[in-house]
Amino acid sequence: MRRIAPRRLIAIAAVAAVSGTGALVAIAPSAQAATVDYATHCTNPYSSPPDGNVKIDLVVTPAKSTYQVNDVVTVEWQWKLYPKAPPTIPVVGEIAKDSTYPVGTVKLTGAQTGNFAIQGPKINPRTLPGEDLILSNPVGTFTLTQAGQVNLTPDIYSTWTTAVGQNVETKCSPINPIAVSRTLTVEGPSQGQPTVTATPGEFNAGSTVALSGANWAAGTPTVSLCDSNGASCDPSKIAANSLVVTNGALSGSVNTLATVPGGNYKLRVGVGAGEAFAPVKINAVARQISLSPNRGPVGTGVTVTGKNFNPNIYILAYGRDAAGNLLDDTLAYAESAADGSVVIPDFVASMDSITSIILMEGTDETTMVSAPFTIGAALPATLSASPTTTHAGGSVAVTGNNWTPNGTATASLCAADGSACSTARITSGPIHIGADGALAGNVTIAGNVGEGTYKLKLSDGSNSALAAVTVQRRWLELNKTSGSPCTFVLVTGHGYGSLAWVNVNGLAGGSKTSDWAGAWANANGDFSIWILITKTNTTGIVASETFHPDRQASTPFTTT
């Protein structure tokens with residue numbers, strides 16, 4: 001008796017199973033297919049992944065010789081040649097097992113255009129630097145909407161790796177055009193006219209409304225606001241538009257200007273020659289007024305600012321007394337801008353009976369809005385600096401209130417008691433004072449300023465204020481200023497002794513924690529070292545020389 005190999009037995013059984021249906025069945029090919037080989041350039045914020053080649057096959061399920069419009073197909077991105085891990089992997093030294101997942105984009109051309117996303121699970125073996133990164137096969141689905149030949153091409157892809165509490169993206173883009181991997185033959189009537197729906201259908205002017213729709217061609221959507229009949233469409237009444245078309249589906253949102261009057265409208269969306277309208281109801285938003293300053297003695301000049309008024313009309317400002325009477329002698333006015341804002345810079349609080357200041361459109365008292373004004377001594381200017389500890393050549397952010405509206409501020413550095421102020425110790429700005437008297441900007445400490453405690457002084461001609469600043473000879477830079485416990489932080493120090501051994505610790509209040517790292521400073525007194533912050537009460541990081549612990553610098557770090 002002739003023996004039959006087990007593998008051949010399996011094949012015979014398979015044929016017999018098919019023959020049992022009455023005839024052999026020919027399996028139709030899913031589509032014209034090819035494995036594509038293309039070069040990529042990859043980027044990562046923490047390492048330098050190599051450029052290289054990948055080979056990809058796009059497998060379509062279900063497998064058919066011909067598809068129909070509205071068929072939903074699944075596409076699996078199968079790796080035939082994997083990307084390489086970076087030659088060096090900072091901190092962790094490897095890509096841990098099951099720490100990485102791929103995402104990618106498949107491009108559609110031919111009868112149907114656009115692209116769709118695919119993603120794979122977080123499954124991979126432990127991978128050392130320079131080894132093949134064996135990834136899962138990402139999968140995605142899309143709907144066939146147009147009859148004809150639809151081409152599928154792999155495009156950009158990313159890998160997302162979880163390490164030391166962070167999810168890090170390595171993004172890889174094609175260097176050269178990529179060949180088509182798969183072509184599908186699609187039959188049936190193409191989808192009809194594009195549609196659009198607004199959710200909610202009623203909203204306040206200036207707020208966000210989501211739009212969705214179907215049957216859209218690929219392209220960049222445009223939006224305009226039309227009257228209730230779909231006429232007089234005006235794109236300038238749309239403040240923002242984040243609409244996109246993916247596989248024929250429209251999604252995203254739009255914002256109208258806050259000055260759109262209340263009423264019934266239609267939002268028109270267009271892509272190429274296609275368009276659709278969504279009926280909406282818009283509610284007018286409340287008018288606003290702000291004063292700078294909002295108090296001062298009789299004769300104080302006030303900048304009155306308004307928002308959400310009708311555009312291009314005269315807006316009147318009056319003082320009003322406690323009984324609600326408008327004080328005609330205080331009248332000032334200006335024309336509103338196209339966006340409904342108005343600034344009246346020359347209002348004078350000329351009467352001691354003023355308790356508030358109002359704005360209104362012409363003589364229409366139904367449009368009136370008011371803000372309180374106090375006749376009395378002006379509030380002192382305030383100033384704060386952040387950080388309060390810096391170094392020679394370091395930058396300090398400054399903020400404050402109650403400064404001269406739209407004024408100009410100058411900075412100087414003074415002794416700790418506020419004396420001996422010098423503008424030469426401050427090398428740059430700029431500093432801005434707004435119409436509301438709010439001050440914001442930054443200053444840079446001159447490079448020749450010695451370490452010690454100083455007062456930063458700002459003046460605008462009418463006001464001045466001081467803020468304490470400590471200048472260190474040594475200073476630290478962090479790659480991040482906050483993070484969860486068990487976060488690695490890269491600490492870079494400057495100004496230490498040449499070749500000094502430096503201890504880096506976490507700080508909790510004024511005390512060092514047990515979180516520690518050590519580093520040698522180079523000949524220039526600089527060092528760079530990673531430290532693992534584990535304590536939930538960490539408020540900062542400090543670095544001090546081992547043999548001269550008084551030679552130290554610290555900087556804030558917040559655990560989240």
Side-chain angles (χ1 to χ4, degrees), residues 114 193-246 248-290 304-317 333-344 358-362 364-371 434-436:
Q193 292 297 314
T195 63
V196 62
T197 301
T199 306
E202 180 177 347
F203 54 92
N204 293 334
S207 61
T208 301
V209 57
L211 299 184
S212 59
N215 307 329
W216 288 93
T220 302
T222 60
V223 190
S224 55
L225 188 66
C226 314
D227 63 24
S228 59
N229 296 316
S232 303
C233 298
D234 186 355
S236 69
K237 291 183 178 178
I238 303 299
N241 162 22
S242 65
L243 297 180
V244 294
V245 175
T246 305
L250 176 78
S251 62
S253 61
V254 299
N255 290 72
T256 68
L257 292 177
T259 54
V260 172
N264 293 316
Y265 296 89
K266 285 185 177 178
L267 285 167
R268 176 195 176 274
V269 178
V271 177
E275 66 175 9
F277 295 83
V280 294
K281 181 179 181 181
I282 298 178
N283 301 316
V285 298
R287 298 167 181 85
Q288 299 176 15
I289 180 176
S290 61
V304 185
T305 302
K307 294 181 179 180
N308 304 331
F309 287 86
N310 281 312
N312 306 314
I313 62 173
Y314 279 101
I315 309 298
L316 309 185
Y333 58 89
E335 188 174 2
S336 57
D339 64 356
S341 64
V342 62
V343 177
I344 302 175
I358 68 98
L359 285 178
M360 64 181 177
E361 297 177 357
D364 185 359
E365 294 190 4
T366 64
T367 64
M368 184 184 299
V369 290
S370 68
D436 59 355

(message) Are the side chains of Lys266 and Asn229 in contact, using a 4.5 Å heavy-atom criterion?
(response) no

(request) Would you name the heavy atoms of Phe277 and Gly230 that are closest together and state the gap between them? (result) CE2-O, 3.8 Å

(message) Determine whether a donor-acceptor pair (N or O, by modelled atom type, separation under 3.5 Å) exists between the side chain of Asn308 and the backbone of Ala286.
(response) yes

(message) Against Glu335, only a single residue in Val342, Asn312, Ile313 fulfils side-chain contact (heavy atoms from CB on, under 4.5 Å); can you say which?
(response) Asn312

(message) Rounded at 0.5 Å granularity, tell me how far CG in Asn204 sits from CG in Asn283.
(response) 5.0 Å

(request) Tell me, with the steps shown, if Ile238 and Thr222 meet side-chain contact (heavy atoms from CB on, under 4.5 Å). (result) CA-CA 10 Å; Ile238 303 299; Thr222 60; over 6 Å; no

(message) Is there a side-chain contact between Leu267 and Val196 in this structure, where contact means two heavy atoms from C-beta onward sitting under 4.5 Å apart?
(response) no

(request) Search all heavy atoms of Pro200 against all heavy atoms of Val209 and return the closest pair with its distance. (result) O-CG2, 3.3 Å

(request) Could you tell me the separation between the OG1 atom of Thr305 and the CG atom of Leu359, rounded to the nearest 0.5 Å? (result) 8.5 Å

(request) Identify the heavy atoms of Ala198 and Ala278 that sit nearest to each other, and give their distance. (result) N-CB, 4.0 Å

(message) Check whether Thr256 reaches the backbone of Ala205 with its side chain - one donor and one acceptor, N or O, closer than 3.5 Å.
(response) no

(message) Give me the atom names and distance for the closest heavy-atom approach of Val271 to Pro221.
(response) CG2-CA, 3.6 Å

(message) Between Thr366 and Met360, does the side-chain contact (heavy atoms from CB on, under 4.5 Å) criterion hold? Intermediate values first, please.
(response) CA-CA 8 Å; Thr366 64; Met360 64 181 177; over 6 Å; no

(message) Checking the side chain of Trp216 only, and the main-chain atoms of Thr195 only, is there a donor and an acceptor separated by less than 3.5 Å?
(response) yes

(request) Might you point out which heavy atoms bring Leu316 and Gly362 nearest each other, and give the distance in Å? (result) CD1-O, 3.1 Å

(request) Ignoring hydrogens and angles, state whether a donor on the side chain of Thr197 or Ser212 is under 3.5 Å from an acceptor on the partner side chain. (result) no

(request) Answer yes or no: are there more than 12 heavy-atom neighbours, outside Phe203 itself, under 6.0 Å from its atom CZ? (result) yes

(message) For the CD1 atom of Ile289 and the CZ atom of Arg287, what is their distance to the nearest 0.5 Å?
(response) 12.5 Å

(request) Working to the nearest 0.5 Å, report the span between OG1 of Thr367 and CD1 of Ile358. (result) 8.0 Å

(message) For the SG atom of Cys226 and the NZ atom of Lys237, what is their distance to the nearest 0.5 Å?
(response) 10.0 Å

(message) Is there a side-chain contact (heavy atoms from CB on, under 4.5 Å) between Ile282 and Leu225? Walk through the geometry before answering.
(response) CA-CA 11 Å; Ile282 298 178; Leu225 188 66; 4.0 Å; yes

(request) I would like to know whether Tyr265 and Asp234 meet side-chain contact (heavy atoms from CB on, under 4.5 Å); could you show each step before the answer? (result) CA-CA 11 Å; Tyr265 296 89; Asp234 186 355; over 6 Å; no

